[in-house]
A.B. asks: 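Questions regarding the structure given below will be posed in turn.
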Amino acid sequence: MAAALVSCTQASSGGGPGADVPGTSAEPAADRARGAESAGDADRAGREAPTREDTAVPSPEPALVRDAFATLQATLGETCTPGAGDCAYFLGRVTQELTELDASMRADSKGPGHFAKPLADMKALFATLGEDRTEAHLEKHFSAIVGTRDGINTWMQDPPDDYR
């Protein structure tokens with residue numbers, strides 16, 4: 001339709017200099033109709049044009065509680081021997097999984113009150129650990145880390161909200 005409008009405009013204006021500018025006719029009603037038609041085409045094109053997607057990178061949301069708990073549960077069959085040099089990965093991973101579960105519980109639609117016990121347990125653990133995540137420090141608190149993981153595992157499987 002737009003192509004037909006352009007060819008009609010060029011034909012009526014002779015296609016010479018200024019041919020790309022719509023001509024005016026002796027009849028003002030024809031000019032108004034032509035203007036309304038152009039405005040309608042522009043409006044329709046605006047509605048039909050693909051919408052521009054937001055290019056901003058969204059900040060990641062915390063994982064759903066069930067998903068965060070699943071990754072913590074994946075550590076249940078693992079362990080290490082403090083002092084043997086094999087605990088850096090395991091204790092670092094369990095601590096990271098607990099940190100992510102904590103964030104998920106706080107962001108959950110049920111609210112942090114629903115997760116009062118596990119959140120209190122993790123808060124106590126994180127206060128004990130402080131910011132030090134070295135292998136020696138984590139090994140020192142091996143029992144607290146593993147005990148917190150196991151206690152949360154038990155709590156999360158209690159009815160009516162079994163998160164397995």
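We count residues from 1, following the sequence as given. Just so you know, these numbers use all the heavy atoms, side chains as well, and skip hydrogens, waters and symmetry mates. Quick caveat, the model's predicted, so the values are computed rather than measured.
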A.B. asks: Mind checking whether Thr99 and Phe126 have side chains closer than 4.5 Å, heavy atoms only?
C.D. replies: yes
A.B. asks: Kindly write out the residues that satisfy ring pair (Phe, Tyr, Trp, His ring centres under 6.0 Å) with His137, not counting sequence neighbours, or none if the list is empty.
C.D. replies: His141
A.B. asks: Among Asp67, Leu64, Val65, find the residue that satisfies the side chain to side chain contact (heavy atoms under 4.5 Å, CB included) test when tested with Ser104.
C.D. replies: Val65
A.B. asks: Without placing hydrogens or testing angles, list every side-chain donor-acceptor pair under 3.5 Å for residues 69-85, not counting sequence neighbours.
C.D. replies:
unit_1: Thr71; atom_1: OG1; unit_2: Ala68; atom_2: O; d: 2.8
unit_1: Thr71; atom_1: OG1; unit_2: Glu97; atom_2: OE1; d: 2.5
unit_1: Gln73; atom_1: NE2; unit_2: Asn153; atom_2: OD1; d: 3.3
unit_1: Thr75; atom_1: OG1; unit_2: Leu72; atom_2: O; d: 2.6
unit_1: Glu78; atom_1: OE2; unit_2: Arg93; atom_2: NH1; d: 2.8

A.B. asks: How long is the gap from CG on Leu101 to CZ on Arg106, to the nearest 0.5 Å?
C.D. replies: 10.5 Å
A.B. asks: Residues two or more places apart in sequence or in another chain: which of them pass side-chain contact (heavy atoms from CB on, under 4.5 Å) with Lys117?
C.D. replies: Asp121, Trp155
A.B. asks: Which of these passes side chain to side chain contact (heavy atoms under 4.5 Å, CB included) with Val94: Leu138, Thr148, Ile145?
C.D. replies: Ile145
A.B. asks: Can you measure from OG1 (Thr154) to CG (Asp158) and round to the nearest 0.5 angstrom?
C.D. replies: 7.5 Å
A.B. asks: For the CG atom of Leu129 and the NZ atom of Lys140, what is their distance to the nearest 0.5 Å?
C.D. replies: 10.5 Å
A.B. asks: About how many Å separate CE of Met105 and CG of Asp108, when rounded to the nearest 0.5 Å?
C.D. replies: 8.5 Å
